[in-house]
*Asks:* 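Dropping the structure in here first, questions after.
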Amino acid sequence: MTTAIVGLGAIGSRLASGLADGGEPLLLAGRDIEKAQELAGRLGERATAVSTDDAVERADILILSVWFDTIKELIAHYGDRLNGTIVVDPSNPIAPDGKGGFTKTIPKNESSGTVIAGLLPPGARPVKAFGTLMADSLTTAAHRTPHRAVGFYAADDTEAGDAVAGLIRTAGFDPVRVGGIDQSLRIEVFGDLHEGTLGTIPTAEEARSLL
C-alpha cells in the first residue's frame, strides 16, 4: 500500500522520520514543496516529495497531518477523490487560550475524529491515529525497551484500522484500538487516554487495562 503524509510540521515530520526509519516508503507533501524535498532528501530513498494533488491521487493511506480546520478544507476540495482511501486524522481541535495553554475550538463533548469522519465521502475509510502523543514523543518514545509505548487508534473499518496499526508498529509503537471513530474523544487532547492527561505513555498491557 502507498502511504502519503500531507503536512510536515511537528507531527508530520517526526512521523515521516519514524516510518522511513522503519522501512516504510512514503510520499511527502505540504504547502512548501521545497520543505518536502528537503525532508525527503534527509530521509533517503524511501521518501519522495510530491504535490498534495499527487499525494491524494496515489495514496492508499493518506495521513492528513495538518490543523483541524485545514483537514476540513482539504476534504471540501478533494471530495470524492478520497473514496476508497484510508484517511488518517491525527488532529486535535485546539487553539492557544491566551494564558499559555490551549482550549478546544469545538464543544467539549465533540471530537475532531467524528467531525472529520462525518465530512468525508461515504467511500472514504477514516482512522483516528498519531495525535495521542506529544510531538516530541513520536521520536523519544519510539522503539522503547524492554516494553514498547502504546499508540492508540480508533476505526470503524477493521481492515483500515489494521493497515494503520501496521504503520504504528513501523513507527516504533504497539497499536491498541480504543474502539470505533466514536471513541476518538478519548485519544484527543483533554481525553482520558491522551499523553497530556495520563502524564505518561503506557505499554500496550497497561493501556488495555484503561479501556
Side-chain angles (χ1 to χ4, degrees), residues 1-68 70-71 73-75 77-78 81-92 112-113 116 120 124-144 148-155 157 159-175 177 187:
M1 300 183 81
T2 300
T3 300
I5 299 176
V6 174
L8 303 173
I11 297 292
S13 60
R14 288 169 172 82
L15 182 56
S17 179
L19 290 173
D21 286 348
E24 182 73 20
L26 296 170
L27 303 177
L28 304 179
R31 285 196 176 101
D32 187 342
I33 187 63
E34 292 184 359
K35 182 177 179 179
Q37 291 169 338
E38 179 185 351
L39 179 59
R42 293 203 309 268
L43 298 182
E45 62 183 12
R46 292 191 180 92
T48 303
V50 298
S51 68
T52 301
D53 280 352
D54 283 343
V56 171
E57 188 66 30
R58 296 166 60 182
D60 299 297
I61 304 176
L62 182 66
I63 303 172
L64 298 179
S65 185
V66 294
W67 289 100
F68 172 63
T70 304
I71 294 179
E73 293 170 4
L74 289 171
I75 292 171
H77 180 74
Y78 289 105
R81 290 175 65 181
L82 298 171
N83 276 326
T85 303
I86 298 171
V87 179
V88 183
D89 165 28
S91 70
N92 284 292
S112 58
I116 295 303
L120 286 167
R125 307 166 73 188
V127 179
K128 185 76 185 185
F130 298 120
T132 301
L133 302 179
M134 305 297 189
D136 287 346
S137 295
L138 286 171
T139 300
T140 59
H143 302 287
R144 194 174 68 184
R148 281 193 173 195
V150 75
F152 288 114
Y153 70 99
D157 183 318
E159 289 185 358
D162 288 347
V164 174
L167 294 182
I168 293 171
R169 289 189 191 93
T170 299
F173 299 88
D174 273 346
R177 179 176 175 270
I187 59 176

*Asks:* Has Asp60 got a side-chain atom pairing as donor or acceptor with Thr2's backbone, closer than 3.5 angstrom?
*Replies:* yes
*Asks:* With sequence neighbours left out, write down each residue that passes salt bridge (Lys or Arg N to Asp or Glu O under 4.0 Å) with Asp32, or none if nothing qualifies.
*Replies:* none
*Asks:* Tell me yes or no: between the side chains of Ser91 and Asp89, is some donor less than 3.5 Å from an acceptor?
*Replies:* yes
*Asks:* Can you tell me how far the CG atom of Leu138 sits from the CZ atom of Phe173, to the nearest 0.5 Å?
*Replies:* 5.5 Å
*Asks:* Can you tell me how far CG of Leu27 sits from CG of Asp54, rounded to the nearest 0.5 angstrom?
*Replies:* 8.5 Å
*Asks:* Taking Arg169's backbone N and O only, do any of them form a donor-acceptor pair with Arg148's side chain (distance below 3.5 Å, no angle check)?
*Replies:* yes
*Asks:* Mind checking the CE-CD1 spacing from Met134 to Ile11? Nearest 0.5 Å is all I need.
*Replies:* 9.5 Å
*Asks:* Shortest non-hydrogen contact from Val87 to Ala124?
*Replies:* CG2-CB, 4.4 Å
*Asks:* Can you check side chain to side chain donor-acceptor pair (under 3.5 Å) on Glu24 and Thr170, steps first, answer last?
*Replies:* CA-CA 7 Å; Glu24 182 73 20; Thr170 299; 4.5 Å; no
*Asks:* Give a yes or no on whether a salt bridge exists between Asp136 and Arg14, defined as a side-chain N under 4.0 angstrom from a carboxylate O.
*Replies:* yes
*Asks:* What are the two closest non-hydrogen atoms of Pro90 and Val88, and how far apart are they?
*Replies:* CD-O, 3.4 Å
*Asks:* Does Asp157 have any salt bridge (Lys or Arg N to Asp or Glu O under 4.0 Å) partners at least two apart in sequence or in another chain, and if so, which?
*Replies:* Arg125
